[in-house]
Every structure is written in structure tokens, then in C-alpha cells.
There are 2 protein chains.
Amino acid sequence: MTEIDKIDRRILGILQVEGRIANNELAERIGLSPTATSDRLKRLQKDGYIVGFGARLDPHRLGFGLLVFIEVLLDKTTPDVFDDFAKAVQRAPEVLECHMVAGGFDYLIKTRLADMTTYRRFLGDVLLSLPGVKETRTYAVMEEVKNDGPLPL
Amino acid sequence: MTEIDKIDRRILGILQVEGRIANNELAERIGLSPTATSDRLKRLQKDGYIVGFGARLDPHRLGFGLLVFIEVLLDKTTPDVFDDFAKAVQRAPEVLECHMVAGGFDYLIKTRLADMTTYRRFLGDVLLSLPGVKETRTYAVMEEVKNDGPLPL
DNA sequence: GAATTTTTCCGTATTTTATCCGGTGGAAAC
DNA sequence: GTTTCCACCGGATAAAATACGGAAAAATTC
């Protein structure tokens, strides 16, 4: 697997924001031929710098008006609470992100739901019913100041 | 702006995961002609359901090995601390997300950086130097259990 | 420092894909 | 029953992606 150069970074920077740009236009912007550009793009994918492509959707227009972060504390008595919890979380479609953190709690979860009623049900039926969950703290988002900032390449 | 139907949702679901899929293949998967599929895609963009497209990059291969969440508390004495803070945050390229939350603190920030040294500098030079920041709590991510879950359409 | 290997790049030809356009069928409105 | 509207289709055209041979540049070796 080869190293990455300046042009590759520019390609990544553009694709991060305009993922469906035509290869031709991408080529023009970075100042290379379409063939060379396509070669680079393929390499960046093959080498794992680009994991995939995706559409950015507007959650609010799609029935996900509520963004919530949840801090989760686990009951660390059983040896594989962490594994169990991680696996359960990956199967829950409501969970957009879940990170194990160092600090005052164990996991930070990001979820998008329709409204508070839905959230209430999610908390009870999904989260609190998971084995090993000792405590949760809910933070409802009032305003999304910045949403999907690109990596500053 | 028209309503969305079952087929539209399937299109969105596919595009969320495979944003660069060819219109032809998309058409085949949903069982419509390429023309009809293209029409729907255009409409979904025009009506704002699809905000854009982007490449999913691997942060770790690009020099962003450290994911950090930061809880921020503001000094609510000046009337426009919130606006000032929000604007400053939007200009900071290190900040991937920033949300104003209801609960024990005011803002939750998500940032990706090279390492702890870089983070230390970011905290001092950027965050703590913003006007109105009273207190911050740092949570370094040890394991990314789930990263970019799609909306469960 | 010259020769060789490797990598990156380009241009052309071919294939694939997207878009345009006229027309069809079905549902709702009149 | 006719008209209107909408989503869809298929064929024609335009545009883009890909494959391929070879040239230039860079790195490696001797």
C-alpha cells in the first residue's frame, strides 16, 4: 500500500463534499487527465482511504426531528459486559454512533428519532433492557450548530 | 414540494450506503426504468431530501487517529455568547460537529485530531480562547463501536 | 552517472452510462 | 365520457467511464 501525495489529498477533499462529482470534472479541477484521475480514485479506494460513498440526507424531512446524545454507564461486574453491549448496539438501527470513551462514563451514543415519545420508548425498550446498563444520561439537541464537517485535509 | 413514497425511501436507503451507484443499477434494484429512477433522484435532490453526496474516508489512515468529544459550558453573562460561540465553532475546521444541548452543559463538540498533543493545543489555542467558555470536559474515544450508521428508513 | 525498473500519466477507441424527448397508460377531476 | 395530470417507458443522442498501448518522469540499481 503506497503513500498519499498532495493531489490525492485534494481529491479526497473534493470527494468528501461532492461525492458524486463526475470523474471528468474532478480531473479538470485537479489538473490531470480523466484517466490519471480515475486511476488515483481507484487506488484510493483499493488502499482503504475511501471507505465508501453516501448520500447526505435531511433527517428533519424524513421523520427524524430529534437528535439525542446518551451517556451510558455499565455495571462492570460481568467480564464481557462491554462486548455484549457493543454487539447489541450495532444491531440497533436507531443508533447512528456509539463510542467507548475514557472519562466519567463508558459509552456515548448518538441517535436520531422522530420525537420525545419515540425516544422514551427507545430508552426503555432498547437501551435500558440491554444487560449491564447501570445508568444513562440523556442530552436532547436543541440546535445543530455544525453537522457534518469534513476532515480538514 | 411533493410527498415521499415507498420507492423513494428505498432509493434513499440505497444511496445512503452506496452514494456513487450508477443510475442504471439503482433502477434495476428498485425495479424501475433508468429514466424514472433518474427523475426521482433529481426530485429528491430538488426537494431537499438529499442534501449532497460525500465520500466516507478512513480518518485513521489520514492522520486523524484521535476522536474526542468535548462538553462545553458557557459563561452566560453576555447576551450573545451563544451566537458568538456558534459562529466561532463553524469556522474551526477541527470541529466536525457541534450541538447545543439541553442538560448539564451547553454544547457538545465532536473533533478529530492527530493525537493528544494536537488536542492539547487545540483545546488551549482554539476552544479555551473563545469568549464565554467557562468550562470544558474532555472525553477521548477509546473504541469506535459504531461509526456512521445510516438513518433507518 | 548511466541503465533499468517502476510509476504516473496521457490520448485514443470502446463500452457503458446519463439525458433528452415523444408517447402511453392509468387515475383523478371536470 | 372527456380532459388533465402524473409517473413511467423506450429509443435516440450526448456524455462519461474504462481499457489499452505507449510516453514521460521518478525511483532504483549497478
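Chain identifiers are assigned alphabetically (A, B, ...) following the order of the sequence lines, protein sequences preceding nucleic acid strands; residue numbering begins at 1 within each chain.
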Can you find a side chain N or O atom of A/Lys42 that sits less than 4.0 Å from OP1 or OP2 on C/dT8?
-> no
A/Arg40 side-chain N/O to C/dC9 phosphate OP1/OP2 under 4.0 Å | yes
Given atom CG of B/Leu26 and atom C1' of C/dT17, what is their separation to the nearest angstrom?
-> 13 Å
Electrostatic pair A/Asp8:A/Arg43 at N-O distance under 4.0 angstrom | yes
What is the distance from CD1 of B/Ile21 to P of C/dT17, rounded to the nearest Å?
-> 11 Å
Whole angstrom is fine here: how far is it from CD in B/Glu25 over to C1' in D/dA17?
-> 15 Å
Establish whether A/Tyr49 and A/Leu26 are linked, either directly or via other cluster members, by ILVMFWY side-chain heavy-atom contacts under 4.5 Å.
-> yes
Counting heavy atoms from C-beta on, name the nucleotide in D/dG11, C/dC10, D/dC8 closest to the side chain of A/Ser33.
-> C/dC10
Would you indicate which nucleotide in D/dT18, C/dC9, D/dC8 comes nearest to any side-chain atom of A/Leu32?
-> C/dC9
Find out whether the Lys NZ or Arg CZ of A/Arg112 is both under 6.0 angstrom from the six-membered ring centre of A/Phe64 and within 45° of the ring's axis.
-> no
Quick one: on DNA chain C, does A/Arg43 or A/Arg20 contact a more 5' nucleotide (nearest heavy atom)?
-> A/Arg43
Quick one: do A/Arg40 and A/Asp5 satisfy salt bridge (charged side-chain N to carboxylate O under 4.0 Å, His left out)? Show the steps, please.
-> CA-CA 11 Å; A/Arg40 278 175 180 265; A/Asp5 70 3; 3.0 Å; yes
Taking CD1 from B/Ile7 and C1' from D/dC8, how many angstroms apart are they, rounded to a whole number?
-> 10 Å
Write down the atom of A/Leu57, the atom of B/Ile50, and the distance for their closest heavy-atom approach.
-> CD2-CG1, 3.8 Å
To the nearest Å, give me how far apart CD (B/Glu28) and P (C/dT17) are.
-> 10 Å
Spacing between A/Leu41 atom CG and D/dA16 atom P, to the nearest angstrom | 16 Å
So does A/Thr35 get a side-chain nitrogen or oxygen closer than 4.0 Å to the phosphate oxygens (OP1/OP2) of C/dC9?
-> no
For A/Asp39 and C/dT6, what is the distance between atoms CG and P respectively, to the nearest whole Å?
-> 18 Å
Take the protein atom CG of B/Leu44 and the nucleotide atom P of D/dA7, then report the distance between them rounded to whole Å.
-> 12 Å
Quick one: is B/Asn24 getting a side-chain N or O under 4.0 Å of the C/dA18 phosphate, OP1 or OP2?
-> yes
Starting at the 5' end of DNA chain D and moving along, which residue's nearest nucleotide shows up first, B/Gly31 or A/Pro34?
-> B/Gly31
